[in-house]
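So the structure is just underneath, and the comments pick up after that.
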Amino acid sequence: LGGDLSSVGISYLGSVLSECPIAGMAKNYDGIIKSWAIRRRLSSYAKHLSIFCEEEEDMGKLLFYARSELLDIERCKEVSMQRIGEIIPEVIYEVISAMETGKIAGSPTGYQDIDRHTGGWSNGSLIIIAGRPGMGKSAWLKATIEAVAEGGNTVCVISLEMSGHELVKRHISSNAGISVDDINRGRISQIQLRSFIDSASRYYESKIYLSRSSKFTIAEIIQTARVM
């Protein structure tokens, strides 16, 4: 049941084994129990959602609740805590893998100096990049996004300043060495156009996902990140 024996008790599991017609089938019975537990959660979710639909006026909160609860049920997520002994094997494997391959443990940032200090981007980490206007934060982020994607990872980009359309234009123009202002004004040559198209072709198979709109709430950002 989600790997948490404390929630049901060892004595209860012992009684299940003793009551099973064949002890070797205990794993199958575990699957049946888990299946019915999910059904109960779905039934409870439907009842609560029905009440929430009648009482909640904010459509954003309503959709966030509906999506997040259903996603939790789908993943059979009971608790977000892990015993330290369950995490240690993952850490040891990561250390051995880094030692044998000579590669950093996290995803490359695209900048070797940063990788040497941070070990790359690690799962579950919150990275905040701050700086004054015009210091190159966007250009740095663009290079980082591409480096992570080139490593075979999926990248979700949500901008509260620009739409996905504008972000794509800036990414491609930067790689092509063409000013965005010149592109917007139509002041580019045939050679520059060809360079722009060639630069765009490298993104077709990339696992970079961009938001269509820049109008996102915090709840929508959280939900999008969980789904991705």
Taking every heavy atom of G110 against every heavy atom of D115, the minimum-distance pair comes out as N-OD2, 4.2 Å
Applying the 4.5 Å side-chain criterion to the ILVMFWY set and letting contacts propagate, would V180 and I197 be lumped into a single cluster?
no
Does some side-chain heavy atom of R39 sit less than 4.5 Å from a side-chain heavy atom of S43?
no
Are the side chain of S122 and the backbone of G106 linked by a donor-acceptor contact shorter than 3.5 Å?
no
Any heavy-atom pair between the side chains of K142 and R170 that's under 4.5 Å?
no
Please indicate whether I87 has more than 12 foreign heavy atoms, meaning atoms of other residues, nucleotides or ligands, lying under 6.0 Å from its CD1.
yes
What heavy-atom pair brings L210 and V168 nearest, and what distance separates the two atoms?
CD1-CG2, 3.1 Å
Distance in Å, I178 CD1 paired with F196 CZ, rounded so as to fall on 0.5 Å steps:
7.0 Å
Between I129 and L141, is the side chain to side chain contact (heavy atoms under 4.5 Å, CB included) condition met? List the steps.
CA-CA 9 Å; I129 309 300; L141 182 60; 5.9 Å; no
Rounded distance [0.5 Å steps], CH2 in W36 versus CG in L42:
11.5 Å
Where is the tightest heavy-atom contact between V157 and L167, given as atom of each residue plus distance?
CG1-CD1, 4.1 Å
Could you state the interatomic distance from CG (L193) to CD1 (I183), rounded to the nearest 0.5 Å?
9.5 Å
Does the plane of the ring in Y203 sit parallel, tilted or perpendicular to the ring in H171? Use 30° and 60° as the thresholds.
perpendicular
Atom CZ of residue position R187 - does it have more than 12 heavy atoms of other residues, nucleotides or ligands inside 6.0 Å?
no
What one should report as the nearest heavy-atom pair of S199 and A176 is OG-N, 3.8 Å
Looking only at heavy atoms, what is the nearest atom pair of K169 and N184, with distance?
NZ-OD1, 2.8 Å
Any side-chain heavy atom of S189 sitting closer than 4.5 Å to one from Q192?
yes
Euclidean distance, E150 CD relative to I145 CD1, rounded to 0.5 Å:
12.0 Å
Honestly curious: do Y93 and M99 fall in one hydrophobic cluster under the side-chain, below-4.5 Å linking rule?
no
Residue pair P108 / V148: nearest heavy atoms and the distance that separates them:
O-CG2, 3.6 Å
Where the side chain of T109 meets the backbone of T144, is there a donor-acceptor pair that is under 3.5 Å apart?
no
Quick one: do I114 and I127 end up in the same hydrophobic cluster if we chain Ile, Leu, Val, Met, Phe, Trp and Tyr together by side-chain heavy atoms under 4.5 Å apart?
yes
Look only at the side chain of Y45 and the backbone of A66, and say whether a donor-acceptor pair between them is shorter than 3.5 Å.
yes
Check: S50 side chain, K47 main-chain N or O, donor-acceptor pair, under 3.5 Å:
no
